[in-house]
Every structure is written in C-alpha cells, then in structure tokens.
Amino acid sequence: MVFPERILVYADCAVNADPSAAQLADIALASAETCRRLLREEPRVALLSFSTKGSAKHAKVDKVAQAVLLARHRAPMLAIDGELQADAALVPAVAAKKLKEVGAVAGRANVLIFPDLDAGNIAYKLSQHLGGAQAIGPVLQGFARPLSDLSRGASVDDIVATAAIVLALA
C-alpha cells in the first residue's frame, strides 16, 4: 500500500480466510521477507488485533499472541510485535500511551499482519478508496514463483504496478 507519506506491506488481504496461529506466523515471516526485497528496508512487523497487549480477552486475541510467539521462535532477530491495535502499530504517540514498553515495532510498523481475511481485505479496500493509497497487488507469497491476484475493481494502473512488482520478485 503506497500512501503519500509511507509504504506499508499488508497481509493477508486475498487468500486465507481464517488462518491459524501457525499460518499467521508463516504469513508474518513471508511478509517480512517481501518487505526486505521490495522496500529494501528492515521489516517492523505488527500482528494486528482489536486488542493491544492483553487489553481484551478473546480466542482471536490469543491466536494472534500465539502467532507472535511462533514467529519470534523461528526468526528471533526479526522486529515483530503483537497483538497490537492498528493505531498502536502505526502512530508513535498512541503506542506510547497504550504500551509500557514501545519496542522497535509499535508506532513504527511497516508490515501489518491482519488476523483474518475480513480485516485484511476491508483494510486494503478502505486504504485504497478512502485513504488515497495506491494498492499494488495482492502479491501471493509462499509459491515457487511470484504471482498476483487482482481485484475485479483494479484499474489499468493497478495492473501495471502489480505486474512490475511481480517481475521485480522474479
């Protein structure tokens, strides 16, 4: 998602309707690598939720927290945190209010991992159509070769930009 002031990687916005904690961890790690390759910057991965660090209790929150633990175990050097609400992940002042320790991700995330397809797809469409972001992709991860899946609402510019990204990953 290309916003005027920054570029963010959103995942998963197209495929996994209700990923498990292990699948969310896989998505987070794949998205971190996509960030490195495409943006040429170190990923700061936020696993999103309607809760920030236990502010709510629910099985969906537990799933996101478990995914963070799994991803940290597999990639201990990765800057990854969660569960975080979107504002705590993106806005430094909000992160400072909601968290005792902000860390490397909160308020500075450049990779957003959504807990399910509902949240991811809704955020992607709202960012594009109300937030003025250019949506490039979705680019599918975890395949032997790069590929994408475009929305039926994609413009010619969207298609060209997505094709360029897929080619860059090839």
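Just so it is clear, the structure is predicted and the values come from calculations on it, not from any experiment. Keep in mind that the numbers below use all heavy atoms, side chains included, and drop hydrogens, waters and symmetry copies.
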Assess the residue pair T34 and Q141 against the criterion (side chain to side chain donor-acceptor pair (under 3.5 Å)); give the C-alpha distance rounded to whole Å, side-chain angles, the decisive distance to 0.1 Å, and a yes or no. CA-CA 8 Å; T34 296; Q141 302 176 122; 2.5 Å; yes

L47 vs D81 side-chain heavy atoms within contact, under 4.5 Å: no

The reported gap from CD in Q134 to CD1 in I7 (rounded to nearest 0.5 angstrom) is 9.0 Å

Joint hydrophobic cluster, V9 plus L140, side-chain heavy atoms closer than 4.5 Å: no

Validation row: K125, N121 side chains within 4.5 angstrom (heavy atoms): yes

Looking at every non-hydrogen atom in both residues, tell me the closest pair between F114 and L24 and how far apart they are. O-CD2, 3.4 Å

So, do V45 and V105 sit near enough that their side-chain heavy atoms are less than 4.5 Å apart? no

Once you round to the nearest 0.5 Å, how far does CZ of F3 lie from CD of Q128? 10.0 Å

Would you indicate whether the side-chain heavy atoms of L48 and V64 approach each other to under 4.5 Å? no

Is a donor on one side and an acceptor on the other found under 3.5 Å between the side chain of D26 and the backbone of Q23? no

Under 3.5 Å side-chain donor-acceptor pair for E41 and N110: yes

Among residues at least two apart in sequence or on other chains, which ones pass salt bridge (Lys or Arg N to Asp or Glu O under 4.0 Å) with D12? none

Where V102 and A96 come nearest, the two heavy atoms and their spacing: CG2-CA, 4.0 Å

Would a distance-only check, ignoring hydrogens and angles, find a side-chain to backbone donor-acceptor pair under 3.5 Å from K63 to P19? yes

How about S31 and Y10: does a side-chain donor come under 3.5 Å of a side-chain acceptor? no

Kindly give the heavy-atom pair with the smallest separation between D158 and S155, and that separation in Å. OD2-N, 2.9 Å

Does the pair D87/K97 count as a salt bridge with the N-to-O cut at 4.0 Å? no

If you round to the nearest 0.5 Å, how far is CD1 of I122 from OG of S127? 11.5 Å

With distance as the sole test, does D116 use its side chain to make a donor-acceptor pair with the main-chain N or O of A17 at under 3.5 Å? no

Taking the side chain as everything from C-beta on, heavy atoms only, tell me whether I136 gets closer than 4.5 Å to V2. yes

Got a donor-acceptor contact below 3.5 angstrom from the T52 side chain to the Q85 backbone? yes

Between L169 and I27, is there a shared hydrophobic cluster once you connect ILVMFWY residues whose side-chain heavy atoms come closer than 4.5 Å? yes

P115 and F50, any side-chain heavy atoms less than 4.5 Å apart: no

For a quick test of reading the model, state the closest non-hydrogen atom pair linking A133 to M1 and the distance between them. CB-CE, 3.8 Å

Nearest heavy-atom contact between L90 and R6 is O-NH1, 3.6 Å

Evaluate the side-chain proximity of L8 to V111: yes if any heavy-atom separation is below 4.5 Å, no if none is. no

Verdict with reasoning, V61 to K57, per side chain to side chain contact (heavy atoms under 4.5 Å, CB included): CA-CA 7 Å; V61 174; K57 302 293 183 204; over 6 Å; no

Side chain to side chain, K98 and S55, heavy atoms closer than 4.5 Å: no

Where P138 and S148 come nearest, the two heavy atoms and their spacing: O-CB, 3.1 Å

Among E83, K60, H58, which one satisfies side-chain hydrogen bond (donor to acceptor under 3.5 Å, both in side chains) with S51? E83

Cluster partners of V160, using ILVMFWY side-chain heavy atoms under 4.5 angstrom, listed by chain and number? V156

Is a donor on one side and an acceptor on the other found under 3.5 Å between the side chain of R108 and the backbone of R44? no

Steps toward side chain to side chain contact (heavy atoms under 4.5 Å, CB included) verdict (V166, L147): CA-CA 6 Å; V166 170; L147 65 132; 5.5 Å; no

Should L117 and V15 be marked as a side chain to side chain contact (heavy atoms under 4.5 Å, CB included) after you check the CA-CA gap, both sets of side-chain angles, and the distance that decides it? CA-CA 7 Å; L117 186 57; V15 177; over 6 Å; no

